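Values in this document were obtained by computation on a predicted structure and should not be read as measured data. By convention in this document, chain letters (A, B, ...) are assigned in the order of the sequence lines, proteins followed by strands, and residues within each chain are numbered from 1.
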Amino acid sequence: MSDAGYDHAAVERRWQEAWDDADAYRTPDDVEDPTYVLGMYPYPSGKLHMGHVRNYTITDAYARYRRMTGDEVLHPMGWDAFGLPAENAAKERDTNPRDWTFDCIDTMRGQMESMGFGYDWDREIATCTPEYYQWNQWLFSRFHDEDLVERRDADVNWCPECETVLADEQVEGGESPEGSQGGGEAAELCWRCDTPVEQRELEQWFLKITEYADELLEDIDDLEGWPNSVRQMQRNWIGRQYGAEVDFEIEDHGPVTAFTTRLDTIYGATFFALAPDHPISEELAEEDEGVRHFIEEEADPDGDEPNGVETNLTATNPATGEEIPVYVADFVLSDVGTGALMAVPGHDERDHAFAQKMGEEIVPVVAPEPEEVEETEAPDVSEEAFTDDGVLVNSGEYAGLESETAREQLIEDIDSAEHTAQYQLRDWGISRQRYWGTPIPVVHCHDGCGSVVVPDEELPVELPAFINTTGNPLDAAEEWKRTTCPECGGEATRETDTMDTFVDSSWYFLRYVSPDLADAPFDLEQTNDWMPVDQYVGGIEHAVMHLLYSRFFTKVLADHEGLDHREPFTNLLAQGMVQLEGEKMSKSKGNVVSPQRIVEEYGADTARLFMMQAAQPERDFDWSEEGVRSTNAFLTRLKEMVEDFSADEPDGEEDAIARYVAAEIDATIAIAGSEYDDLTFNRALRETQDLTRTLRQYAAYTEPHADTYERGLSAVVRLLAPVAPHIAEELYDELGHDGLVVDAPWPSAEIDHEHVRKRRQLVANTREDVRDIVDVAGIEDPQAIDVVVAPDWKYDALEIAIESDADNLIGELMQESHIREQGDAAADYGQDLQAEREALSRTLEPDAEHDALESAAWLLEREFDAAVSVRSADEVDESVLKNAAPGRPAIEIED
RNA sequence: GCGAGGGUAGCCAAGCGGUCAACGGCGGCGGACUCAAGAUCCGCUCUCGUAGGAGUUCGUGGGUUCGAUCCCCUCCCCUCGCACCA
């Protein structure tokens with residue numbers, strides 16, 4: 001009946017109450033520098049899913065581990081509580097976002113408690129409370145003071161039916177259907193009402209993250225505790241590129257700046273191209289029907305084909321002085337570089353394609369690096385552009401220079417040319433035309449003061465009551481909107497946009513330090529002590545946005561608010577997905593395993609333990625009901641072992657077997673500890689389960705030595721405690737310990753890892769050899785097995801062989817009289833050593849080998865049901881010793 | 001196209017210069033226990049082998065080394081991110 005499990009519900013309830021009573025997870029404000037362990041706070045959707053459970057089990061296990069090793073730990077939890085889903089849910093249910101959100105929070109907090117996550121709930125935050133979001137507004141104001149806020153026009157997705165801006169992910173059908181050959185791009189539709197989405201230009205608020213682009217990029221190098229993938233994604237996202245800006249003179253329009261990374265190819269610039277929305281293109285459109293038609297009807301920036309139209313203008317190539325035609329082309333993007341480019345068809349693939357289409361001249365100006373002494377020869381670029389660096393040709397005085405040198409030289413020589421860096425990173429538009437977010441603390445004065453930031457003493461600007469309307473509820477809140485200008489006292493209207501919720505999450509980790517502070521977002525001194533977050537854990541989907549914004553905020557706060565840290569997260573773990581049959585769990589696919597069901601059926605400890613042992617935290621893994629069952633069975637068996645032990649304490653000897661078990665206990669403790677340090681819970685748990693098996697075998701084979709056995713059980717319980725805390729408390733108590741396992745000291749063991757490795761290897765090899773012999777020799781029923789450790793002189797010989805660099809090893813060995821005395825045996829062994837000369841490594845000492853084998857003899861006895869004796873060399877006949885070597889005992893089996 | 005990470009026995013998956021024919025798990029096979037099933041426990045699971053042996057393996061093809069799954073190069077394939085980026 002062992003598969004019936006144990007009464008997990010009772011166990012979990014009991015210890016959750018005990019933790020509550022003991023305030024076990026509280027981190028008092030006066031601790032100096034706690035280990036800060038943090039999981040990315042969730043959006044309160046109302047239901048914990050497997051991804052959450054995995055995320056928070058990782059942080060919880062690590063926090064508990066660090067607590068047991070003696071650290072003070074800060075492990076808080078909060079809610080990313082603003083966001084559109086609450087508005088939609090409120091409309092559907094005829095309630096309001098606030099009530100709905102807090103209902104969800106209550107439910108999820110309950111689920112987290114039932115999972116046994118140990119949070120300091122006194123530090124809980126919810127971003128939708130004025131106590132929190134007032135600091136978003138305050139920070140906005142500080143950013144504004146530092147000129148890091150800007151209001152400007154931006155293109156947004158606009159649904160005319162709903163009268164609101166849509167996020168990109170709320171626009172559906174943007175991609176043309178698979179396989180459709182250029183046939184009609186699918187229209188972009190509003191996810192709610194299927195109305196075609198329009199592009200609108202609206203005034204939006206931006207945070208100037210680009211001011212920090214260089215530092216954000218360069219500091220990535222120092223984030224050694226972050227996964228490479230995330231670091232690389234951030235580098236790509238920032239996308240810095242060094243190049244040059246250079247002016248081309250266009251008649252009647254003055255100098256037009258182009259950005260290029262290949263200034264060395266300027267002699268090959270045979271035409272010039274402008275983005276369709278470049279100011280000059282727009283001017284031209286007013287008088288040139290062809291250009292207007294192209295911009296309005298033909299330009300397709302998303303298509304594969306480069307399209308364009310020739311204008312009646314020419315531009316002057318500043319290097320050659322030649323007049324080259326100017327095109328308006330849709331492959332030129334206004335938000336890349338300057339929105340204008342010098343086209344070099346000989347050395348750029350896209351320019352090449354366009355030149356072929358338009359019949360423009362293609363001139364090679366860079367030749368491949370000549371091999372050896374061969375002549376530089378212009379490449380054939382009629383069919384394909386040559387895009388590598390090389391040596392300049394057809395480039396006037398620059399011919400013969402290498403690309404790199406030529407670029408520098410040209411920057412010097414061309415007046416308008418200068419070094420510039422180009423970034424892919426854009427400023428962060430934070431305006432959202434929605435209700436459930438932080439009101440942007442700005443009023444628009446009717447009397448000419450413009451947009452005025454609300455003074456600090458008038459913060460927070462609180463959200464008005466929710467109005468169920470199609471557009472932005474804030475826009476409909478007439479009374480709320482009407483206000484006075486802080487500067488002139490005249491009539492004014494409130495800004496009706498709210499902030500992107502990523503603003504909330506860009507500093508929430510600071511708020512946990514002093515969540516109730518009334519006069520600042522965080523207590524500076526305490527935050528300087530407690531930050532940065534030592535271990536941050538969350539999904540890879542936040543690799544760029546959230547993590548980049550948080551870094552940005554941290555740097556701004558360091559520059560202007562006295563924060564002593566320039567990076568928020570020292571170590572980052574991007575946890576893998578929980579899958580089902582190789583597929584991501586998702587509601588739409590209907591392949592979701594509910595954590596609630598698992599907790600009800602098997603208990604929180606089983607769910608947690610199964611997840612942590614299934615794979616390394618950063619790997620995806622498959623949920624397996626079978627695995628869950630066997631995990632549950634493991635815990636049940638362990639519980640029985642502990643109960644059996646305390647009901648009837650054994651009375652065995654501290655014999656060789658006990659010594660074997662004791663050594664395994666030490667080894668397990670040491671290995672598991674270092675695996676916990678590395679967050680490789682799966683390996684720590686494997687070791688722990690192996691030890692449990694060893695203990696069970698021990699008890700099954702003989703009457704265990706009580707102290708040894710108990711030490712083993714106690715170690716297993718504590719090694720399991722970070723991951724399966726409830727059952728660990730139960731068993732720790734059953735074993736008669738005082739106090740909670742939460743506060744228990746982590747078991748310690750001093751071992752020599754190399755020694756353990758060799759000992760385990762020796763035992764495993766010897767068992768394997770015995771099996772081999774029994775099998776190959778066809779021994780039906782072995783009666784006695786003798787295991788004989790090699791004579792001391794072989795160990796000496798091995799040592800000499802390792803140390804020696806003499807050509808003639810045998811000669812060297814024979815200089816030792818006690819080896820020479822062995823005669824032929826010495827010569828034979830010497831030859832073996834010589835043959836493997838380069839691969840030799842030290843074994844255990846003879847005594848240690850003897851001891852290891854002796855203490856493991858019971859494993860052989862048990863397996864083969866035969867008497868096993870471990871002997872030293874001097875106890876046996878010389879003929880037996882031929883096969884004995886250091887690390888490999890001779891084996892004699894009696895049939 | 002650029003960048004990052006990968007390709008290991010039926011499957012999943014460790015190892016990352018020498019005890020590696022390669023940890024562990026799943027699946028499969030055999031055995032113990034059981035009336036039986038399940039659970040548990042013990043083996044086996046590349047090929048050949050009547051005393052611990054030998055042979056062929058770690059995407060492909062080369063190279064470095066006394067020695068390579070492990071290091072270097074070529075190519076092929078997979079996953080992820082970025083991309084008409086000037």
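Aromatic ring pairs are classed by plane angle as parallel below 30°, tilted from 30° to 60° and perpendicular above 60°; the pair A:Phe610 and A:Trp623 is perpendicular. A:Phe386 and A:His347 have perpendicular rings, their planes meeting at more than 60° on a 0 to 90° scale where under 30° would count as parallel.
For B:G52, its base sits under 3.5 Å from the side chain of A:Asp769 at one donor and acceptor pair at least. The base of B:C66 does not come close enough to the side chain of A:Arg837 for any donor and acceptor atom to sit less than 3.5 Å apart.
Proximity note for A:Gln232 (side chain, C-beta onward) versus B:G52, B:G3, B:C44: the nearest is B:G3. Nearest to the side-chain atoms of A:Arg637 among the listed nucleotides B:U19, B:C82, B:C41 stands B:C41. Distance from the side chain of A:Ala777 is smallest for B:U50 among the nucleotides B:A86, B:C82, B:U50. In this structure, of B:C41, B:U19, B:U50, it is B:U19 that holds the atom nearest to the side chain of A:Thr843. In the set B:G5, B:A86, B:G24, B:G24 carries the atom at the smallest distance from any side-chain atom of A:Arg686. Among B:G15, B:C44, B:U40, the nucleotide with an atom closest to any side-chain atom of A:Arg696 is B:U40. Nearest to the side-chain atoms of A:Gln761 among the listed nucleotides B:C66, B:U19, B:C41 stands B:U19. Distances were taken from every side-chain heavy atom of A:Asp330 (C-beta onward) to each of B:C84, B:G43, B:C41; the shortest belongs to B:C84. For A:Leu341, whose side chain is taken as the heavy atoms from C-beta onward, the closest listed nucleotide among B:A4, B:C44, B:A86 is B:A86. Closest contact between the side chain of A:Arg619 and the listed nucleotides B:U19, B:A4, B:A14 involves B:A14.
Within the nucleic acid shown, A:Gln616 comes within 4.0 Å of sugar-phosphate atoms alone, with no base atom in reach, counting heavy atoms only. Within 4.0 Å (heavy atoms only), A:Ile540 reaches no atom of the nucleic acid at all. Counting any heavy atom pair closer than 4.0 Å across all strands shown, A:Asn883 reaches a base atom. Among the atoms of the strands shown, base atoms are found under 4.0 Å from some heavy atom of A:Gly887. A:Asp348 comes within 4.0 angstrom of nothing in the nucleic acid, heavy atoms only. Residue A:Pro301 is in base contact, counting any heavy-atom pair closer than 4.0 Å across all strands shown. A:Ala890 comes within 4.0 angstrom of a base, heavy atoms only. Residue-level contact check: A:Gln422 touches neither bases nor backbone, having no heavy atom under 4.0 Å from any strand. Using a 4.0 Å heavy-atom cutoff across all strands shown, A:Leu840 reaches no nucleic acid atom at all. A:Pro889 comes within contact range of at least one nucleobase, with a heavy-atom separation under 4.0 Å. Residue contacts shown for A:Gln241 are limited to sugar-phosphate atoms, with no base heavy atom under 4.0 Å away. Residue A:Val332 is in base contact, counting any heavy-atom pair closer than 4.0 Å across all strands shown.
At whole-Å resolution of the value, CD in A:Glu687 and C1' in B:A14 are 13 Å apart. Atom CD in A:Gln424 sits roughly 7 Å away from atom C1' in B:A83 (whole-Å rounding). The distance from atom CD of A:Glu894 to atom P of B:A51 is 18 Å, rounded to the nearest whole Å. Counting to the nearest Å, the P atom of B:G18 and the NZ atom of A:Lys758 are 13 Å from each other. We find that CG of A:Asp772 is positioned 13 Å from P of B:A21, with the value rounded to whole Å. The nearest whole Å value for the distance from the CZ atom in A:Arg350 to the P atom in B:C85 is 5 Å. If you take CD of A:Glu768 and C1' of B:U45, they are 12 Å apart, rounded to a whole angstrom. Rounded to an integer number of Å, the gap from CZ of A:Arg240 to C1' of B:A83 is 19 Å.
Proximity of A:Arg54 to A:Phe621: side-chain heavy atoms (C-beta onward) are separated by under 4.5 Å at one or more points. Using a 4.5 Å heavy-atom cutoff, the side chains of A:Val628 and A:Thr606 are in contact.
Checking the phosphate oxygens (OP1, OP2) of B:U19, no side-chain nitrogen or oxygen of A:Arg888 falls inside 4.0 Å. At B:C85, none of the side-chain N or O atoms of A:Arg262 fall inside 4.0 Å of OP1 or OP2 (strictly under the cut-off). OP1 or OP2 of B:G43 sits under 4.0 Å from a side-chain N or O of A:Arg767.
With 3.5 Å as the limit, one finds no donor-acceptor pair spanning the side chains of A:Asn632 and A:Tyr6. Under 3.5 Å, the side chains of A:Glu849 and A:Tyr795 contain a donor-acceptor pair of N or O atoms.
Comparing the P positions of B:G27 and B:C16 gives an interatomic distance of 28 Å, to the nearest angstrom. Using atom P as the reference point in both B:A13 and B:G6, the two lie 13 Å apart (nearest Å). Comparing the same atom, C1', in B:C23 and in B:A36 gives a spacing of 36 Å after rounding to whole Å. Atom name P, nucleotides B:G7 and B:U56: the rounded distance is 25 Å, in whole Å. To the nearest whole angstrom, the two P atoms, one in B:G61 and one in B:C75, are 15 Å apart. B:G55 and B:G59: their C1' atoms are spaced 23 Å apart (whole Å). Rounded to whole Å, the P atom of B:C2 lies 13 Å from the corresponding atom of B:U74. Of the P atoms belonging to B:U45 and B:G25, the separation is 14 Å, rounded to the nearest Å.
In terms of position along RNA chain B, the nucleotide closest to A:Ser229 lies nearer the 5' end than the nucleotide closest to the other residue of the pair A:Val776 and A:Ser229. Both A:Ala275 and A:Ser841 lie near RNA chain B, and the one whose nearest nucleotide falls closer to the 5' end is A:Ser841.
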Under the 3.5 Å Watson-Crick or G-U criterion, the dot-bracket string of RNA chain B, with | for inter-strand pairs: ((((((((.[[[..)..(.....]]]((((((.......))))))(((....)))...[.[[[..)....]]].])))))))....
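Between the OG atom of A:Ser804 and the CD atom of A:Glu799 there is a distance of 11.0 Å, given to the nearest 0.5 Å. We find the CD-CG distance between A:Glu894 and A:Asp786 to be 7.5 Å, quoted to the nearest 0.5 Å.
Under the 4.0 Å criterion applied to side-chain N and carboxylate O atoms, A:Glu640 and A:Arg637 are not assigned as salt-bridge partners. Under 4.0 Å is where a charged nitrogen must lie from a carboxylate oxygen, and between A:Asp828 and A:Lys882 no such pair does.
Taking the six-membered ring for Trp, A:Phe271 and A:Tyr327 have ring centres closer than 6.0 Å.
Checking each of A:Asn765, A:Ile785, A:Asp775 against A:Val770 for a side-chain contact (heavy atoms from CB on, under 4.5 Å) leaves exactly one that passes, namely A:Ile785.
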